[in-house]
Amino acid sequence: MTDLRDLYQEVILDHNKSPHNYREMTDATRMALGYNPLCGDKMKLYAKIEGDRIADVTFQGSGCAISKASASIMTDAIKGKTLAEAEALYGKFHDLLTGPPDVKADGAGLGKLAVFSGVREFPARVKCATLAWHTLQTVLKNTQDVAKTE
Amino acid sequence: MSAVTKAAPEAHASAYDVERVRAEFPILSRSVYGKPLVYLDNANTTQKPRVVIDAVRRYYEEENANIHRGTHWLSEKATEAYEGGREKVARFLGATSPKEIVFTRGTTEAINLVAAGFAREYLQAGDEILITGLEHHSNIVPWQLACERTGAKLVVVPITDEGEVPVDEFEKRLTPRTKLAAVSHVSNALGTVNPVKTFIALAHARKVPVLVDGAQAAPHLPLDVVDLGCDFYAISGHKMYGPTGIGALYGTEAWLEKLPPYQGGGDMISSVTFEKTTYNVLPWKFEAGTANIAGGIGFGVAADWLSGVGLAAVAAHEHDLLLHGTRQLSMVPGLTIVGRAKEKAGVISFVLENVHPHDIGTILDREGIAIRTGHHCAQPVMDRFGLPATARASFGLYNTRAEVDALVNALAKVRKVFG
């Protein structure tokens with residue numbers, strides 16, 4: 001049986017309590033709103049894009065522990081990355097969340113994002129973990145030269 | 001008088017045998033994640049007693065045929081059973097005649113039926129529809145659609161910090177422009193019981209018809225639509241221990257005669273030529289297409305069964321759970337109950353400091369406890385309290401004090417996970 005600790009890992013609880021990059025960005029070049037109508041969670045994602053690089057990224061909003069920690073760890077992970085690298089990371093993260101629940105998730109190449117490997121065993125919570133990433137998609141799609149993953 | 005009064009002879013909470021009631025629900029003996037199921041999501045949908053499940057199965061196994069059109073034996077049997085369901089629902093609500101019961105897919109469709117008819121025949125630019133700040137989306141959006149179509153305006157009675165709709169605030173907003181008032185009997189998000197009888201009297205004094213959204217009241221309180229005096233009353237079968245996909249609109253004969261048909265099709269007509277169609281009589285004028293026959297049959301059986309248990313006894317039992325739950329939950333550190341109306345049904349909406357309701361829901365689920373978390377299809381209520389969401393425990397006639405205690409104990413585990 002799945003343990004709740006698989007979902008609520010220490011790292012996730014820590015980020016929920018003290019999220020990183022949780023602030024408004026006054027000089028953002030792009031901003032997008034994320035909304036999960038299922039639970040009413042709202043998120044604002046700010047980004048400063050310089051060339052093809054994400055120079056800075058922050059967020060604000062209300063959400064559950066999973067969505068908040070996901071946004072927090074995501075912003076850490078994509079800061080300084082190119083848009084294409086962020087896209088690629090999203091693809092890997094998505095696979096991590098939606099893979100078959102009976103197969104142990106492979107967090108290779110995901111770094112800290114691998115802590116969300118337990119989410120696939122809680123299908124009702126996958127959307128919480130992807131809210132920040134879907135919002136990021138909107139931010140990235142602001143330009144025509146960004147590749148689509150799906 | 002209604003079957004409700006007949007079937008509830010002076011029942012008291014003490015005489016109420018909850019274990020006997022529970023034994024009638026097959027699903028209540030199952031476990032979830034290895035824990036006994038504690039089902040506290042009854043405002044969302046209720047579980048089904050064996051008699052309802054059997055009635056639906058029996059129809060498909062023994063009487064399945066289309067209704068109102070066959071000359072064969074099965075069709076007669078099916079028609080009898082379906083129309084029998086309508087009579088049972090009519091009796092349950094205290095309606096004067098089964099003609100006043102229109103079967104719908106549920107409360108939502110019942111409200112849409114009235115709103116669409118009003119928009120077509122009775123609403124003009126500048127008219128007003130009065131609702132309250134407690135409404136479920138299903139008693140907001142149909143009226144917004146009607147307003148968009150006609151230029152009428154939606155007027156909302158604000159609610160208090162306790163989650164009540166003050167009578168004077170309601171009265172103040174009844175104006176010469178008010179064409180209809182639509183109010184919930186019981187709030188799904190907070191459990192508030194509205195003084196609908198008073199609202200109806202005030203509205204009728206100004207010749208304003210009233211629709212009552214009774215989805216959350218019908219399974220929990222003794223009901224008599226004639227005594228209430230409402231013009232329309234909307235209910236859902238699945239919240240009353242009946243099947244999903246079936247509900248009813250009660251409307252006074254006078255109003256149902258006046259309202260135009262909702263949908264066109266088979267069964268709702270008397271005669272059709274390409275030049276002119278004559279509509280069927282009540283209630284079939286509003287029932288186009290092949291009906292949810294099994295649903296209507298199951299709904300009737302559920303209504304009878306519920307009357308048999310006795311709504312007065314059910315209300316007393318659930319009130320005891322509400323008091324016990326309110327007392328116990330108030331002692332959980334960091335927990336705030338949202339909605340503290342004096343008159344409440346068995347609904348407790350709450351938030352826990354520093355823990356999002358969604359996380360509460362997941363942790364309780366692993367303890368076998370089913371509650372609802374989110375905005376409960378009542379976003380304006382959430383906005384009123386400045387919350388994105390709440391956790392909600394809602395009681396049914398089979399819940400016990402021990403189950404409420406299981407909820408309270410599981411919340412301690414939530415606290416532990418979140419430190």
Side-chain angles (χ1 to χ4, degrees), chain A residues 1-19 22 33-44 59-73 97 101-102 115-132 134-135, chain B residues 31-36 41 44 136-137 140-141 188-189 334 338 349 351-392 409-419:
Chain A
M1 209 188 57
T2 330
D3 196 275
L4 273 171
R5 287 281 163 195
D6 290 345
L7 182 66
Y8 294 111
Q9 300 197 29
E10 279 309 322
V11 180
I12 291 179
L13 294 173
D14 288 346
H15 276 265
N16 173 51
K17 219 179 262 175
S18 344
Y22 190 84
L33 291 170
Y35 180 56
N36 184 346
L38 212 69
C39 51
D41 287 354
K42 285 176 187 143
M43 182 172 294
K44 238 183 212 177
F59 80 104
Q60 275 187 320
S62 66
C64 63
I66 305 300
S67 80
K68 223 172 186 180
S70 174
S72 173
I73 298 171
L97 295 181
D102 46 334
V115 295
F116 291 97
S117 62
V119 176
R120 63 164 66 176
E121 296 176 50
F122 295 78
R125 305 305 299 276
V126 170
K127 281 196 172 142
C128 309
T130 52
L131 178 61
H134 284 305
T135 316
Chain B
S31 59
V32 171
Y33 297 116
K35 309 267 170 69
D41 195 17
N44 209 343
H136 185 281
H137 295 165
I140 302 173
V141 185
N188 75 306
V338 184
S349 230
V351 288
L352 202 50
E353 205 178 10
N354 297 328
V355 189
H356 190 278
H358 221 154
D359 296 313
I360 300 174
T362 293
I363 297 171
L364 295 186
D365 178 46
R366 294 286 150 154
E367 297 296 315
I369 301 171
I371 60 159
R372 173 139 181 213
T373 63
H375 52 59
H376 317 296
C377 296
Q379 281 181 344
V381 176
M382 299 295 112
D383 291 344
R384 167 65 178 78
F385 290 96
L387 299 165
T390 69
R392 180 190 69 185
N409 291 336
L411 286 172
K413 289 194 184 163
V414 174
R415 270 262 151 262
K416 220 169 116 198
V417 172
F418 281 86

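Every chain is numbered from 1 and lettered A, B, ... according to where its sequence line falls, protein lines coming before strand lines. All figures in this text were calculated on a predicted structure; none of them were measured in a lab.
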Undergrad: Can you tell me which portion of A:Leu7 sits under 4.5 Å from chain B's heavy atoms? Options are side chain, backbone, both or neither.
TA: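 When you check distances to chain B, only side chain atoms of A:Leu7 fall under 4.5 Å.
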Undergrad: For B:Arg366 versus A:Glu121, what's the shortest heavy-atom pair and its separation?
TA: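 For B:Arg366 versus A:Glu121, the nearest heavy atoms are NH2-O, 3.6 Å.
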Undergrad: Do the side chains of B:Asp359 and A:Arg125 get nearer than 4.5 Å, heavy atoms only?
TA: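 Yes, their side chains come closer than 4.5 Å.
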Undergrad: Side-chain contact, heavy-atom cut-off 4.5 Å: A:Phe122 with B:Asp365?
TA: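 Heavy-atom side-chain distance check fails, nothing below 4.5 Å.
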Undergrad: Taking side chain as everything from C-beta outward and backbone as N, CA, C, O, which of these in A:Lys68 sits under 4.5 Å from a heavy atom of chain B? Side chain, backbone, both or neither.
TA: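 Neither the backbone nor the side chain of A:Lys68 comes within 4.5 Å of chain B.
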Undergrad: Are the side chains of B:Thr362 and A:Leu4 in touch, meaning some heavy atoms are under 4.5 Å apart?
TA: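 In contact.
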Undergrad: Using distance alone, with no hydrogens and no angle criterion, decide if A:Asp41 and B:His358 have a side-chain donor and acceptor under 3.5 Å apart.
TA: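 Not at all, the side chains of A:Asp41 and B:His358 share no donor-acceptor pair under 3.5 Å.
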